[in-house]
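Okay, structure first, notes after.
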Protein chains: 2
Amino acid sequence: MITIKDVARVAGVSTSTVSRVVRKQGKVGKTCRAKVQKVIDELGYRPNINAQALVSKKSNSLGVVIPKVSMPFFGTLACGAEEATIENNFRVLISNAHGSEQAELDAIDSLLQHRCGAIVFHSMHCSDDTLCELAEKIPGLVFINRLIPKMAHRCVWLDNNMGAQEAAKHLISNDHKNIAVISRKDVNPDAQIRLDGFRTALNNAGLPFDNELIGFGTTADMDGGKEAVSELLDSGKKFTAILSYNDNMAIGVVHELDSRGIRVPEDISVIGFDDLLISVACIPELTTMHYPVREMAHYAANLAIELADNESSSGKTHLFMPHFIERDSVNRYSA
Amino acid sequence: MITIKDVARVAGVSTSTVSRVVRKQGKVGKTCRAKVQKVIDELGYRPNINAQALVSKKSNSLGVVIPKVSMPFFGTLACGAEEATIENNFRVLISNAHGSEQAELDAIDSLLQHRCGAIVFHSMHCSDDTLCELAEKIPGLVFINRLIPKMAHRCVWLDNNMGAQEAAKHLISNDHKNIAVISRKDVNPDAQIRLDGFRTALNNAGLPFDNELIGFGTTADMDGGKEAVSELLDSGKKFTAILSYNDNMAIGVVHELDSRGIRVPEDISVIGFDDLLISVACIPELTTMHYPVREMAHYAANLAIELADNESSSGKTHLFMPHFIERDSVNRYSA
DNA sequence: CTGTTAGCGCGTTCAT
DNA sequence: ATGAACGCGCTAACAG
């Protein structure tokens, strides 16, 4: 691997000059710059990022901690973050952390070893307190898809409550009065908040809230959706529409209904949440709430990078809104 | 950030000793090791990876070049590679390179700057020659999902021909005689090979091959699938089954058929390729060929890491086989 | 505008 | 078994 010294020697200048040319900063004579650049090109010299990071004490890389890149939602998140790094001439380090608090902490740790000062963290298993501690130690740490009250200015989050309200309102405005909800069994703050939003919408419309119209899935995927809707169906309770915690569960719901000969949306309307790619694969294509993950991750990455060298916390709030996407899984109810 | 010197000072030993303890190698007295470890834990010392990489001349990180992590296929690929890095105590650097040869070359370049010697490269836009040149410069470079004859031992690829044959055979064994193919318009080696496999299967079964039964999509996604099948349908040609280049296109096909009131599989059978998550979201769930990307990426990552410090090319071939997944989109044909 | 000097944090000899 | 010294490739003062 050819080094800055090689370039300096061949070009007949000092390493400092080469360094200046490479980083395009500092004063260098026009002819000198051209000469050095020529040698750089000829030799194919590439600065050693490790050395740069070591001496300049910053790695110019952004860490992204997510459960798993192979999940489309998180893949999209990673992509959004990556977009931001390109603008900043940064690089992305993706750390998968699936299943436990320890895994998440380890992922952060690994990023820290790389000295990446800017980190976008999607935590599912750490407590608010743990996250606060971390945030204090790492100025460039930003949380995505989570609101930590004490750290609000470091959180990029979605208004789940409003999202669920919007979804419910759309159902209600289509004359549905008996609306079931598909939720997840594990304690998940988002699920709770979306449930609250649903309840609020019902309230605002003067509709009663029925606890027995909530079905819970063990997992927040297709299987969970099937499980939850089966439970609901078997209970004998009547409903004409279903608001699902997310698209994956919603698709499970559609499959289960289909297998029981119940048509969507003719017999039962279904609305999802997230607007994953998968939502258009389903027949009927899923009406859902669009979750702007890519944009949020992009924003979060920029925030992290900014925070990492400014330390200035503007105190701003970083709240995003989901928006309604009309497709084919919701019908107007006619008794 | 606390350094090895801090630990050495507090523990009252030299930095060399600390270094030995950290890397668990070299002789260190038992009590001494314990003492140092204690200080490390107390201070929360983490070695600076950049410094380690600089001095040891290896970064212990694996680069992965793919078009885009947000695409489920590539997200899965990245995950497979990551699994391998964990075993090797490596880290993953994911470089998205979408759309052009230059983008791919830049991605490789960026990885080289990080001095990651091991790279898994999914190239879509570079010529074999370009790739060969690259491979010669980078001993730890491995190509995935592509066969470069002159570099076969550095390629981890899938037998697309056999895969297409299998798929076709399944259709044929279900008494389908008029089978249409959905392919992609752009020149893509895989598409060509799968077409060959299809033709071979037809031949082996003594069935005629009809050029007009091939529909081309501009893009290899749902839209492309719709486009291609529309063309076929509008041509008036008769067929009872469709073999699709991939799942995404197959799902587009199913949607288009559905919108025309043609039932799958009752009227027309459809078989996909890849076995993406999305294939079970569709109704009916897609019968398809499973593409073991995760396993292949895992294997490729290990190979890259091995090659990066061995330089030994075993000359082995790294060929994977897709396998048939039966679901609900194929019926037996009965005239 | 350009070169010299001094480290960054760490691993690796080589003594002891 | 342990420490001193050196250098990895580079940037950041400081001279000139």
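Just so it is clear: chains get the letters A, B, ... in the order the sequence lines come, proteins before strands, and each one is counted from 1.
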Inter-axis angle, terminal five-pair segments of the helix from C/dC1-D/dG16 to C/dT16-D/dA1 [nearest 10°]: 30°
Lys/Arg-Asp/Glu bridge criterion (N-O < 4.0 Å) met for B/Arg294, B/Glu83: yes
Test: A/Asp109 and B/Arg46 ion pair at under 4.0 Å: yes
Pair B/Lys150 + B/Asp128: basic N to acidic O under 4.0 Å: no
Rounded distance [0.5 Å steps], CG in A/Asn89 versus CG in A/Asn60: 6.5 Å
Rounded distance in Å - NZ (B/Lys24) to P (C/dG11): 13 Å
Members of residues 30-38 of chain A that approach DNA chain D, where some heavy atom sits under 4.0 Å away: none
Charged N-O contact under 4.0 Å between A/Asp41 and A/Lys38: no
For the student: nearest non-hydrogen atoms of A/Arg154 and A/Ala135, plus distance: NH2-O, 2.9 Å
side-chain hydrogen bond (donor to acceptor under 3.5 Å, both in side chains) between A/Asp106 and A/Gln102, intermediate numbers included: CA-CA 6 Å; A/Asp106 287 348; A/Gln102 197 50 52; 3.0 Å; yes
Whether B/His122 and B/Phe73 hold their rings parallel, tilted or perpendicular, with breakpoints at 30° and 60°: perpendicular
Short side-chain N/O contact from B/Ser14 to OP1 or OP2 of D/dT2, under 4.0 Å: no
Per-nucleotide protein contact string for nucleotides 8-16 of chain D, where B marks a base within reach and S marks sugar-phosphate only (heavy atoms under 4.0 Å, - for neither): BBBBBB---
Length of the line joining B/Asn50:CG and C/dG7:P, which is rounded to integer Å: 21 Å
Main-chain N/O of A/Thr15 paired to A/Ser19 side chain as donor or acceptor, under 3.5 Å: no
A/Tyr299 and A/His318 aromatic ring geometry - parallel, tilted or perpendicular at 30°/60° bounds: tilted
Listed nucleotide nearest any side-chain atom of B/Lys27, set C/dC1, D/dA1, C/dG3: D/dA1
